[in-house]
Amino acid sequence: MEREVLKIAIQKSGRLSEKSLEIIRNCGIDFQTDSRVLRERATNFPLEFLFVRDDDIPTYVKDGVADIGIVGKNEFDESGFYLDTVKDLGFAKCRLSIAVPNDFDYKGIESLNGKRIATSYPNIMMKILKERGVDASAVVVSGSVEITPQVGIADCICDIVSTGTTLKMNGLKEVETIYYSSAIMIARPGFTNTVSKKNEILFRLLERMDAVEKAKNKKYILFNLPADKLDEAAKIIGGMKSPTVTPLMDKSWLSVQSVVSEDRFWSVFEDLKSIGAEGILVMNIEKMTE
Ligand code: PRP
């Protein structure tokens, strides 16, 4: 086992945790998953997991307890820490919205002037409201924000919305979206520029992540084609340097293999059929490098 390890902070449970672990697993990295174990070493890669609360992740990375972390952009911006974004992971998309009780006569953002707004994101919220000329006050709570208007400690709320179900179930309506978030990978400033064993491990991890990502939207296709249609097939598939072409026993036919992006797949499939391609096989690609 390699002695030097890269320490990664991951949300213990919540909207980011499952997908964060799935990404690591898809990179061929194995580990135990017992939710009660908060510190875990991968069995086949020099990576150590710290399973923590998501709002603590920026602090752990800043203090060097973890080398990198997977966190929502909202938690990172709320922390106000100066850290590097190593990779935009794009999952766990959500928005930070202002929501008011259903009977609140909302006429526009100016209706928020003088109001008490409950939130777990006072820094992001106050900055944006100030930019938009609103003079409101923040009531800081760390969870169950939706209950605050009902119990009288706030007039409205500013919270994370994903499906909108929690708002509806608590008699609130979303009136302004002020910020968008998704998952990012963070590191200490300059960490990726240092020459170190840890950085080398991070580079290996990122390379594996890229390979998985590239493969995600691609299909591997294999088909038989009349030999005189090869140029036409190359035009249909497009963007490929060199399809793999194998002669068949019957010299008037070829076997062709190539990679096609998912969004173009059906048009490519139909066009290939129209020029006489037969036996078109389509396969998912697990990983792909340049
Ligand atoms: C957020 C937010 C809402 C909920 C909204 O909580 O605080 O309660 O998600 O999701 P919905 O629009 O899909 O109903 P989260 O699950 O992130 O946990 P938290 O309390 O730790 O913020």
Side-chain angles (χ1 to χ4, degrees), residues 8-24 33 35-39 49-62 65-66 69-81 83 85 88-104 106 109 112 115-129 136-186:
I8 184 169
I10 284 182
Q11 187 187 34
K12 181 179 176 289
S13 62
R15 80 175 59 240
L16 284 105
S17 50
E18 213 168 287
K19 183 75 185 168
S20 303
L21 292 177
E22 185 190 313
I23 287 177
I24 309 267
T33 40
S35 60
R36 290 160 301 186
V37 176
L38 303 178
R39 191 175 175 191
F49 302 92
L50 307 177
F51 296 108
V52 294
R53 273 179 59 107
D54 60 344
D55 44 355
D56 288 332
I57 292 177
T59 308
Y60 282 133
V61 172
K62 174 178 79 74
V65 175
I70 294 181
V71 70
K73 193 170 169 293
N74 54 319
E75 294 298 348
F76 172 49
D77 283 342
E78 183 60 26
S79 77
F81 297 150
L83 299 169
T85 299
D88 198 341
L89 297 164
F91 68 91
K93 285 190 177 24
C94 59
R95 53 194 189 269
L96 191 58
S97 290
I98 304 281
V100 299
N102 287 333
D103 60 359
F104 187 115
Y106 190 80
I109 199 144
L112 300 174
K115 299 292 186 236
R116 299 163 303 159
I117 311 177
T119 188
S120 308
Y121 303 95
N123 296 331
I124 298 176
M125 181 187 85
M126 291 308 275
K127 180 172 176 284
I128 294 171
L129 289 184
S137 59
V139 175
V140 184
V141 287
S142 54
S144 302
V145 185
E146 294 86 355
I147 202 175
T148 56
Q150 294 174 44
V151 297
I153 58 169
D155 302 302
C156 47
I157 69 160
C158 174
D159 197 18
I160 293 294
V161 182
S162 177
T163 61
T165 311
T166 313
L167 292 182
K168 279 203 183 73
M169 292 180 77
N170 288 284
L172 297 164
K173 56 181 177 189
E174 188 177 5
V175 289
E176 300 278 345
T177 296
I178 60 166
Y179 175 94
Y180 290 90
S181 178
S182 57
I184 53 174
M185 183 189 281
I186 54 172

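Since the structure is predicted, the reported quantities are computational estimates derived from the model, not experimental observations. In listed order, ligands and their atoms are each counted from 1.
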Quick one: does Lys173's side chain have a donor or acceptor within less than 3.5 Å of a partner on Asn102's backbone?
yes
Side-chain donor/acceptor of Glu78 to backbone N/O of Asn123, under 3.5 Å
yes
Applying a heavy-atom cut-off of 4.0 Å, say which part of Asp159 lies close to ligand 1: side chain, backbone, both or neither.
side chain
Tell me, which protein residue and heavy-atom name are nearest atom 3 (C) of ligand 1, and how many Å apart are they?
Glu146 OE2, 3.1 Å
In the protein, what heavy atom is nearest to atom 22 (O) of ligand 1, and what distance, to one decimal place, separates them?
Tyr121 OH, 4.8 Å
Asp77, Asn74, Ile160 screened by side-chain contact (heavy atoms from CB on, under 4.5 Å) with Leu96, the one that passes
Ile160
Once you round to the nearest 0.5 Å, how far does CG of Leu38 lie from CD1 of Ile10?
13.0 Å
Gap separating the CG atom of Leu112 from the CD1 atom of Ile117, nearest 0.5 angstrom:
5.0 Å
Donor-acceptor side-chain pairing of Ser120 and Ser142 below 3.5 angstrom
no
May I ask whether Gly164 has any heavy atom positioned less than 4.0 angstrom from an atom of ligand 1?
yes
Within-cutoff protein neighbour (heavy atom, under 4.0 Å) for [atom]:
atom	result
atom 9 (O) of ligand 1	yes
atom 19 (P) of ligand 1	no
atom 15 (P) of ligand 1	yes

Atom 6 (O) of ligand 1: which of Met169, Glu75, Arg15, Gln11 has the nearest heavy atom?
Arg15
Go through ligand 1 atom by atom and flag the ones less than 4.0 Å from a non-hydrogen atom of [X].
X	value
Val161	12 (O)
Thr166	4 (C), 5 (C), 8 (O), 10 (O), 11 (P), 14 (O)
Thr163	11 (P), 12 (O), 13 (O), 14 (O)
Thr165	12 (O), 14 (O)

Which class fits the ring pair Phe51 and Phe49: parallel under 30°, tilted 30 to 60°, perpendicular over 60°?
parallel
Are more than 12 heavy atoms, taken from residues, nucleotides or ligands other than Glu18, located less than 6.0 Å from that residue's CD atom?
no
